[in-house]
Number of protein chains: 2
Amino acid sequence: MPKAETRGLADTLKVLSDPNRLMILELLMQGVQCNCELGDKLGLPMNLISHHLKVLREAGLVDAERDPVDARWVYYSINTRLLARLRDELYAFLDPERIVPRLPTCGPRIASVEALRALRA
Amino acid sequence: MPKAETRGLADTLKVLSDPNRLMILELLMQGVQCNCELGDKLGLPMNLISHHLKVLREAGLVDAERDPVDARWVYYSINTRLLARLRDELYAFLDPERIVPRLPTCGPRIASVEALRALRA
DNA sequence: GATATACTACAATTGTTGTTGAACTAGTTT
DNA sequence: AAACTAGTTCAACAACAATTGTAGTATATC
């Protein structure tokens, strides 16, 4: 896992690490789409919702689209591709099978371990 | 998805939303275990590693164990169960299949949608 | 007992972030 | 044109978090 990838993943996780934003995502998944109704359901002012939506949009997790009939309304939706990619990435990263039992390169028993290795070689 | 659950998940994600902590987790998965070597590999001072390890420990993601031979050394390891649980939780939450196409309860077309519903009923 | 080692804890600094309130756009209705 | 509606942006603030440096703890070695 390269260091650059780690940065990107951490940035995305930071976006998700807010309860209000998680709830917004949850509501968007359930089909709710406009700022006002998100605010109603969460009991939060519209400007705060707008702020969090902007963060989600800048992370690419959420898309915005204006209503063609009444352009005052904006409908938000989830970027399915990015969501799926993030899901896969996290699923791979958090895989418990990946864990290596123990790889001692440090500590008091190193000397004897090294001696064993030398013997075997 | 209840609001309390959202809080807990957000807290855990906040712990993960730091590149250094992600790298520490990655190294722990690869079998590295002591503070000093983590610091070496990441080019970070020991007290900073210690700080991040504490955050990871308080979140339950990482366990600590003293060396029985030389108790100055502490070996850190990943809490496999919690990791697996988090993985499952995220995998379920981020499922793109869950997304409902559109559920208009807001916007200019509501009136006509409601009329259609009334007609069908 | 004095020194060294591995690590932890505290204090201070800096930067970031969630929230709030007010002002501002852009579009619609009357 | 005036009033209204949906939403955004700006400024300010308090709370938090990452990093750094220093001091402290516990254990081991000489």
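Proteins get letters first, then strands, A, B, ... in listed order; numbering begins at 1 in each.
- Nucleotide dA28(D) holds its C1' atom 12 Å from the CG atom of Asp67(B), rounded to whole Å.
- Nearest nucleotide to the side chain of Met46(B), out of dT20(D), dC7(C), dT17(C): dC7(C).
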For nucleotides 9-14 of chain C, just jot down a letter per nucleotide in 5' to 3' order: B, S or -, based on protein non-hydrogen atoms under 4.0 Å. B-----
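- Following rounding to the nearest Å, His52(B) (NE2) and dT8(C) (P) show an atom-to-atom distance of 14 Å.
- Residues Arg57(A) and Tyr76(A) form a side-chain contact, since some pair of their non-hydrogen atoms from C-beta on lies under 4.5 Å apart.
- Here dA11(D) presents its C1' atom at 14 Å from NE2 of His51(A), a figure rounded to the nearest Å.
- The CH2-C1' distance, from Trp73(A) to dT8(D), rounds to 16 Å in whole Å.
- With hydrogens and angles ignored, the 3.5 Å screen pairs no side-chain donor or acceptor of Arg21(B) with any backbone N or O of Leu56(B).
- Leu90(A) is listed as a side-chain neighbour of Leu13(A), based on a closest heavy-atom distance under 4.5 Å.
- Side-chain contact between Thr12(B) and Leu82(B): absent, with no pair of heavy atoms (C-beta onward) separated by less than 4.5 Å.
- Along DNA chain C, the nucleotide nearest to Asp18(A) and the one nearest to Gln33(B) differ in position, and the one closer to the 5' end is contacted by Gln33(B).
- Glu37(B) places its CD atom 10 Å from the P atom of dC7(C), with the value rounded to the nearest Å.
- Arg66(B) places a side-chain N or O within donor-acceptor distance of the main-chain N or O of Ala71(B), the cut-off being under 3.5 Å.
- At a threshold of 4.5 Å between non-hydrogen side-chain atoms, the residues Arg98(A) and Glu26(B) count as touching.
- Among dG7(D), dA6(C), dT20(D), the nucleotide with an atom closest to any side-chain atom of Cys36(A) is dG7(D).
- The nearest whole Å value for the distance from the CG atom in Leu48(B) to the P atom in dT22(D) is 16 Å.
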With B for base contact, S for sugar-phosphate-only contact and - for none (protein heavy atoms under 4.0 Å), nucleotides 24-30 of chain C reads ---BS--
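- Between Arg87(B) and Pro96(A), some side-chain heavy-atom pair lies under the 4.5 Å cut-off.
- Note: CG (Leu44(B)) to C1' (dC7(C)) measures 16 Å, nearest angstrom.
- Tyr75(B) has no side-chain polar atom (N or O) that falls below the 4.0 Å cut-off from OP1 or OP2 of dC7(C).
- Taking atom NZ of residue Lys14(A) and atom P of nucleotide dT16(C), one finds them 10 Å apart after rounding to whole Å.
- Using a 4.5 Å heavy-atom cutoff, the side chains of Asn35(B) and Val74(B) are not in contact.
- Contact check for Leu61(B) versus Leu16(B): side-chain heavy atoms found under the 4.5 Å cut-off.
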